[in-house]
Structures are given as structure tokens and as C-alpha cells.
Amino acid sequence: MQLFERIDAGLALTEEERMLLESVKTLARDKLAPRAEAYDRGAAFPWDNVRDLNALGLNAMFVPEAYGGAPLSYAAYLACVREISSACASTGIIWATNFHGAKPLIDFGAEEQKRRLLPRVAQGGLVSLAITEPSAGSDATGMKTRFTPAGGEIVIAGGKTFITSGDVADLILLFGKWSGVDDERAAISALILEKGTPGLSVVRLEDKMGLRASSTATLAFDGCRVPRANLLAPPGEGLKLLLASLNKSRPSVAAHALGIARAAFGDAVAYVNERRQSGRRIVEFQGIQFLLADLAAELAQCEAWLWHVARLVDAGASDIGIEASIAKLRASDLAMRIATEAVQLHGGYGYCKDYRVERLMRDAKITQIWEGTNQIHRQLIGRSFTEKAR
Ligand SMILES: Cc1cc2nc3c(=O)[nH]c(=O)nc-3n(C[C@H](O)[C@H](O)[C@H](O)COP(=O)(O)OP(=O)(O)OC[C@H]3O[C@@H](n4cnc5c(N)ncnc54)[C@H](O)[C@@H]3O)c2cc1C
């Protein structure tokens, strides 16, 4: 695995970031990985993992100092997502979702909102990002959740589906449409909904193929009232905020997918070096070496692209939609491919739960579906080359 260690060694991290990453690796190896199988079987929310992440103060890394955080680079954040996800993909996405939900508040929130809400995030609060609705998936502009102003408050009516951590989140970054604005896109707005708001209820939790320890909730908003001070993006601003948020969360889900890919590749390499058939270790068969070569080459290139995107973000670039789509598309397709090949390389044992690759294959699938399905990313990337008709 020297190849991948060398890629990691090339990351431009500070000494402080490297030390934190080492602590995350130790936690992932010693605690998260050993617990992952039981969490997968039981489909229980991994509260002890969340507590352990918070003991390292991990949420603080994406919150500015002025609001109780201890910010580190985007590259350091992505490296941590990958490590945690490699040990337990459910825990990885729970933590990454805190970032996805909090980042728009950090980037677009008013000073008062940040002072009031961000210390809770820095201290380890769980955050959800709520966009999807039963009739608005790939086309989020079809959302129907309504925000209606009523004096100093906003009344929320509607519902969201498939919301990661929706049942446990302290804060929900909620997208909806402003009543009375006819234009579908201009009506989109965003606000912060706090846990325990009357009228907010959990309608159901999904029983999923993978990421079974991460909860996925359908939420209903039955006349929830939030102070107008919780409005993050007024009508006309919401879509811009939504797209900007996705630019930061998509590389993060790519890092999550690469965590799964690395785990599957590592398990496959270990197995083919140990398993013997026809009097030889199966790694000695050329067909298997060719497969490992293809997977390693793609993994190395995908990781290099992730760090390219991280450098752009750390340098302050914001127009990175296509780069983010490429990272998400390639990392998730690769995670699925490597996890599937890892099962194949384990033969019949790979199909059974005694080996981790069975879980990794189930965990990998969602990475091709969420944060824009891979069809949508192909569309976004391809469409970017369309020139104006002459
Ligand atoms: C476990 C899990 C966690 C999730 N977490 C969150 C979360 O925290 N917050 C949140 O808001 N959402 C979340 N989602 C929702 C997720 O982002 C959506 O499921 C995803 O965007 C796809 O929407 P959909 O399921 O409605 O599928 P649809 O949009 O109905 O798509 C169905 C199929 O049609 C294809 N399709 C649709 N439009 C096109 C097109 N224009 N061209 C080609 N093909 C197309 C899709 O690619 C897909 O294959 C989560 C989903 C899951 C399963």
C-alpha cells in the first residue's frame, strides 16, 4: 500500500492537521472499525461513535474560531471523512452531514445567526440538510414545502424524505418555497429549524440496504413556527445557496466513497495474498494482478483529483461545480466497482457476512445515488460543454 501512503504524504497539511488526522486514524482503527459490524446488523444509531468523534472535537474543525470552532483546511476535513468512512461508512456520513448542514450557515448566515447557532455545532451538535421530498428528488426545484411569513415568524407546512440524521439532528437546514412567489426557482428559500420545534415530527425511518447505522428519516412539518431570525436565505437567494452548498458537500461525499473504496481494496489485497488455489496464492495469477492494477490505478487517480479539488477550495475558489461533480461521479462509481470486485475476489466467502466486503458493497451503492445521482452528474458535466448556438 506504499502507493497510497505516498499520495497521502503529498497532502499539504499543517503539523496540527497531521496530528489530528493521526488521532482520527487511531480512533477509526481501534473503535469505529471493530464496532461497525454490530451497528450494521442492528441498524442502531452509533451514539458512542458520535461521542468519540466529539471527544476529539471534530465538529470544531469546520466552525470559525469566533463561534467556538478551531478551523482547519478543507483538505484536512476531507482526509478525516475518508478515514472515518473507511472504518464505518455510516459514522462517516453522519459526521460529514454535520458539515453539509452547517457550511451554508457558516458561509451565508447573518452574524446574529452564527453567534446563536454555531457554538452548538462546534460542540458536537448533529445537523441535517433537508432538500429531498417525495416528489422532488433529482429535480429539487419541484419541492412543495411552504414557508409562510406570519408577523415575526415563519410557518412551515410540508415534509421531507430521506433526511440523513433527520430524527436526531439538533439543527436542520431546511429548504422550502416562499408562499406567494410564483416562480418555482425564485421561491426557494432556506431556514434553520431547531430540534423540538412543535409541529416537527418523524414519520418514518428507512430500513436500508447499507449505511444501516445512519438514520434516514421522513419528516413532517405541521404548522411549525420558527422566528424570522432563522431565515438563512430569503426567496431569490435560496437556489444560489443550495448550489453553493452542494459544491462543498459533493467532494465530501466523494471522500466518503473513497473511504469505502480504500477499505475494499485493502481487504481484497489482503485476501488474495492469503488465499491459495491450485497450489498458489491467488495473487500470483496474472488475471488477478491485472485487476488489482486497474483498480489501484483508478483509485490513485481519483484520490489525486479529490486533493486537486481540495486545493481549489482551500485557495478560495467557489466556482467548482464541475470539478465537484467529477469527484463525486468518479469516486462513487469506483467505490461500487472496487467493493464489487472485492466480493468477487473473496469468492463464496465474499458473499457471506463473515467478511467485511459484503457490507462494503452494500454501503458503496448509495454513493452513486445521493447528492445528485450519477446520471445527473453526467448531465451536469456534459452540459457544461454546450456552446451557445451560433
Ligand atoms: C440513504 C439516503 C440518504 C439521503 N440523505 C439525504 C439528505 O440528508 N438530505 C436530502 O435532502 N436528501 C437525501 N437523500 C435523497 C437523495 O439525494 C435522493 O434520493 C437523490 O437525489 C435521488 O432522488 P430520488 O430518490 O427522488 O430519485 P429520482 O430523482 O426519482 O430518480 C430516479 C431515477 O431517475 C434518474 N433520473 C432522474 N432525473 C433524470 C434526468 N434528468 N436524466 C437522467 N436520469 C434521471 C435518476 O438518476 C434515478 O436513476 C438521501 C437518500 C438516501 C437513499
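All values below were derived from every heavy atom in this structure, side-chain atoms included, with hydrogens, water molecules and symmetry-related copies excluded. Both counts, for ligands and for their atoms, begin at 1 and track the order of listing. Given the structure is predicted, the values throughout are model-derived calculations rather than measurements.
By the 6.0 Å contact criterion, CZ on R330 is open, its count of non-hydrogen atoms from other residues, nucleotides or ligands being 12 or less.
Checked for salt-bridge contact, K114 and E111 miss the test: no charged N lies under 4.0 Å from a carboxylate O. Using a cut-off of 4.0 Å between Lys/Arg side-chain N and Asp/Glu carboxylate O, R378 and D333 are scored as salt-bridged. Look at R116 and E194 and you find a salt bridge, because one of the NZ, NE, NH1 or NH2 atoms lies within 4.0 Å of a carboxylate O, short of that distance.
Between W95 and F62, the angle of the ring planes lies from 30° to 60°, which puts this pair in the tilted group.
Under 4.0 Å from any atom of ligand 1, one finds heavy atoms of residues L129, A130, I131, T132, G137, S138, F162, I163, T164, K208, T216, I366, I369, W370, E371, T373, Q375, I376, Q379.
In the hydrophobic clustering of this structure, F175 does not group with W370; members are Ile, Leu, Val, Met, Phe, Trp, Tyr whose side-chain heavy atoms approach within less than 4.5 Å, directly or through other members.
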